[in-house]
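What's counted below: heavy atoms across the whole structure, side chains too, no hydrogens, waters or symmetry copies. These numbers come from a predicted model, not from an experiment.
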Amino acid sequence: MEPNGSSSLPTIIEHKAYARIGLLGNPSDGYYGRTVSVSLQNFWASVRLQPSSDLLIVPHPTHDLVKFTSVNHLVKRLENEGYYGGVRLLMATCKVFTNYCKEQGIHLHNDNFSLSYDTNIPRQTGLSGSSAIVCAAFSCLLDFYKVRDKIAVEIRPQLILNTEKELGIVAGLQDRVAQVYGGLLYMDFNKEKMDKHGHGDYTPLDTSLLPPLHLIYAENPSDSGKMHSAVRQRWLDGDKFIISSMEEVANLAFEGKTALLEKDYAKLATLMNQNFDLRRRMFGDAALGSLNIEMVEVARRVGAAAKFTGSGGAVVALCPDGPSQVEALTDGCKKAGFTLVPVKVVPSLLNEIDIRTQISKNALA
C-alpha cells in the first residue's frame with residue numbers, strides 16, 4: 001500500500017551518525033565548560049526511514065531481543081545488556097522532533113513511515129552510542145518532512161539531548177554537537193550564551209591538525225552512567241573543589257585548541273594526561289572503575305598520553321614518540337586483553353542546506 005499523499009517523497013532515507021571521542025575538556029560540557037571533540041569513522045549508528053501505510057518502529061533483531069531460549073538466557077541477557085535497546089530512542093526522537101516543530105509552527109505532512117536502525121558502536125564505551133542512534137534518526141526526519149532548512153544546526157544537538165533526557169539519560173551537549181557537525185570541533189558552552197540562545201559557540205577545525213590517535217576499549221566495559229551523579233550534585237551544591245577543577249578541565253580544551261593549531265603534539269599529550277588526572281581527582285577511583293583506569297595505565301606505561309573518550313569504557317591515546325611507541329602500546333593492550341584501533345576521523349557532515357541554517361553565520365551576515 002502506498003503512503004498517504006506525496007508520491008514525490010523518496011522511497012528510502014538513510015543517515016549515519018558516528019561515534020565521538022572527547023579529546024579534551026570533557027566532562028566540562030555539562031558544566032558550562034569547553035571541549036575539543038573528534039568524530040570517529042570507525043564506528044557508527046545508521047537509521048533507515050521508509051514511507052509506509054502505518055507508522056512503524058522496527059525492533060533490532062539483536063539489540064531489541066524479545067525471544068529467548070530460556071529464562072536463564074533472558075536473565076543473562078539483561079545482566080549483560082540491560083533492559084533497553086534502540087526502539088525507545090527512535091520513539092522518543094519522533095516525539096521530541098514533532099513537539100518542537102509544533103512549538104515553532106513548522107508544518108509537518110501526514111505521511112507515515114517505518115524506522116529501523118543498526119549500530120556497530122561498542123556498548124557502554126563512552127563513545128556515544130545512544131545519541132548516535134538519535135542523531136541519525138533526527139536527520140532522517142529532517143529530510144522526510146523536508147524541514148532541514150527550518151531547524152538551525154546549532155539547535156539540533158539540544159533537541160537530541162532533550163530526546164535522551166526524555167528517557168532519563170544523563171549527558172552533556174558535546175557528543176550531540178560532534179555527531180551533528182562531524183570532523184574536529186572546538187566547543188565553548190559559555191553559560192551566558194547557553195542561557196540566552198540555547199547553544200554554545202561551535203568552531204570546526206581542520207582535521208589535518210590532528211596527530212595519529214588510537215582508541216583503546218574493553219569488550220566488557222563498565223556502565224558510564226555511574227560516573228556523573230555524585231560530582232553533578234556536588235557542583236550544583238557549590239562545592240569549590242569541583243567547581244575549580246571543572247574550570248581547569250575546561251581550560252585544557254582552550255589550551256588544546258592552540259596546541260592543535262600550532263601542531264604542538266607534546267603539549268597536546270600533556271594536556272590529555274592532565275585531563276584524566278583532574279577527572280580522577282574529582283570522581284575517585286571507585287566511580288571510574290579499575291578496568292577503565294587500567295586502560296589508561298596501559299598507555300602510560302609505554303609513555304603514551306591517555307584519557308577517557310567519554311565517561312569510561314574507552315580511552316583515546318596519543319603516542320608522541322611515533323611508531324615504536326605504537327608498537328609497544330599494541331603489545332601492552334594485547335597482553336591486557338584490550339582492543340586497540342587507529343582512529344579514523346570523519347570529515348564535516350554539514351551539507352549546503354545545513355550551513356545556510358547556521359545562526360552564527362546568519363548573524364554575521
Side-chain angles (χ1 to χ4, degrees), residues 17 20 22-39 92-93 95-108 128 131-132 134-139 141-142 145 147-167 169-205 228 232 235-236 243 246-247 249-254 256-257 310 348-365:
R20 175 280 302 125
L23 188 60
L24 283 169
N26 57 306
S28 76
D29 57 310
Y31 304 83
Y32 301 111
R34 307 181 192 92
T35 63
V36 176
S37 292
V38 182
S39 288
T93 303
K95 178 184 175 184
V96 170
F97 176 87
T98 303
N99 286 347
Y100 177 79
C101 289
K102 286 180 179 177
E103 290 166 6
Q104 299 299 314
I106 299 171
H107 173 72
L108 302 179
S128 304
S131 60
V134 176
C135 183
F138 196 88
S139 285
L141 295 175
L142 287 173
Y145 288 107
V147 295
R148 184 171 287 274
D149 61 329
K150 293 178 173 61
I151 302 178
V153 170
E154 291 95 331
I155 301 299
R156 296 174 197 171
Q158 184 62 59
L159 296 176
I160 294 166
L161 182 59
N162 290 348
T163 299
E164 294 175 274
K165 286 181 177 178
E166 181 91 7
L167 300 168
I169 297 171
V170 178
L173 269 171
Q174 170 189 225
D175 306 5
R176 293 91 202 145
V177 176
Q179 288 168 330
V180 167
Y181 281 74
L184 172 64
L185 279 170
Y186 171 72
M187 311 173 201
D188 187 338
F189 301 99
N190 174 273
K191 187 178 189 303
E192 184 179 350
K193 178 149 189 174
M194 289 289 297
D195 288 345
K196 185 176 181 180
H197 301 291
H199 62 84
D201 283 320
Y202 310 135
T203 307
L205 302 173
H228 287 285
R232 179 72 182 175
W235 182 80
L236 290 169
I243 290 172
M246 206 62 78
E247 288 173 353
V249 172
N251 287 335
L252 296 177
F254 181 76
K257 177 186 175 184
S348 172
L349 297 172
L350 303 184
N351 61 29
E352 290 182 11
I353 297 174
D354 296 326
I355 292 169
R356 286 201 301 269
T357 70
Q358 289 184 87
I359 296 167
S360 55
K361 289 185 179 297
N362 293 342
L364 287 171

Closest heavy-atom pair and its distance - [X], [Y]:
X    : Y    : result
D175 : S131 : CB-OG, 4.0 Å
R20  : A178 : CG-CB, 3.5 Å
C101 : I151 : SG-CD1, 4.2 Å
A136 : A17  : N-CB, 3.8 Å
S28  : T35  : OG-CG2, 4.2 Å

Taking the side chain as C-beta and beyond, is there a heavy-atom pair between [X] and [Y] under 4.5 Å?
X    : Y    : answer
K193 : H199 : yes
R156 : T357 : yes
N162 : L159 : yes
Y181 : E154 : yes
T163 : F97  : no
D201 : M187 : no
Q174 : L185 : no
H107 : Y145 : no

### D29 bridged to R34 by N-O distance under 4.0 Å
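No, this pair does not count.
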- Task: Decide, yes or no, whether a salt bridge links D354 with R148 under the criterion of side-chain N to carboxylate O below 4.0 Å.
- Result: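 Judged by the 4.0 Å cut-off on N to carboxylate O distance, D354 and R148 do form a salt bridge.
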Can you label the angle between the Y32 ring and the W235 ring as parallel, tilted or perpendicular, going by 30° and 60°?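 Geometry flag for W235 against Y32: tilted rings.
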How many angstroms lie between atom [atom1] of [X] and atom [atom2] of [Y], to the nearest 0.5 angstrom?
X    : Y    : atom1 : atom2 : answer
N26  : L252 : CG    : CG    : 10.0 Å
R356 : N351 : CZ    : CG    : 8.5 Å
E352 : D149 : CD    : CG    : 13.0 Å
T93  : E166 : OG1   : CD    : 10.0 Å

- Task: For atom OH of Y100, decide whether the heavy atoms of other residues, nucleotides or ligands shown that lie under 6.0 angstrom number more than 12.
- Result: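 More than 12 heavy atoms, drawn from other residues, nucleotides or ligands, come within 6.0 Å of this atom.
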Under the 3.5 angstrom rule, does the side chain of [X] hit a backbone N or O of [Y] as a donor-acceptor pair?
X    : Y    : result
Q179 : S128 : yes
R232 : G30  : yes
S37  : G22  : no
T98  : K95  : no

Would you please indicate yes or no on a ring centroid separation below 6.0 angstrom for Y186 and Y202? no
Any chance you could lay out the side chain to side chain contact (heavy atoms under 4.5 Å, CB included) test for R176 and F138, step after step, and finish with the verdict? CA-CA 11 Å; R176 293 91 202 145; F138 196 88; over 6 Å; no
Assess the residue pair V180 and V153 against the criterion (side chain to side chain contact (heavy atoms under 4.5 Å, CB included)); give the C-alpha distance rounded to whole Å, side-chain angles, the decisive distance to 0.1 Å, and a yes or no.
CA-CA 7 Å; V180 167; V153 170; 3.8 Å; yes
Hey, mind stepping through Q158 and K165 against side chain to side chain contact (heavy atoms under 4.5 Å, CB included) and telling me if it holds? CA-CA 10 Å; Q158 184 62 59; K165 286 181 177 178; 4.2 Å; yes
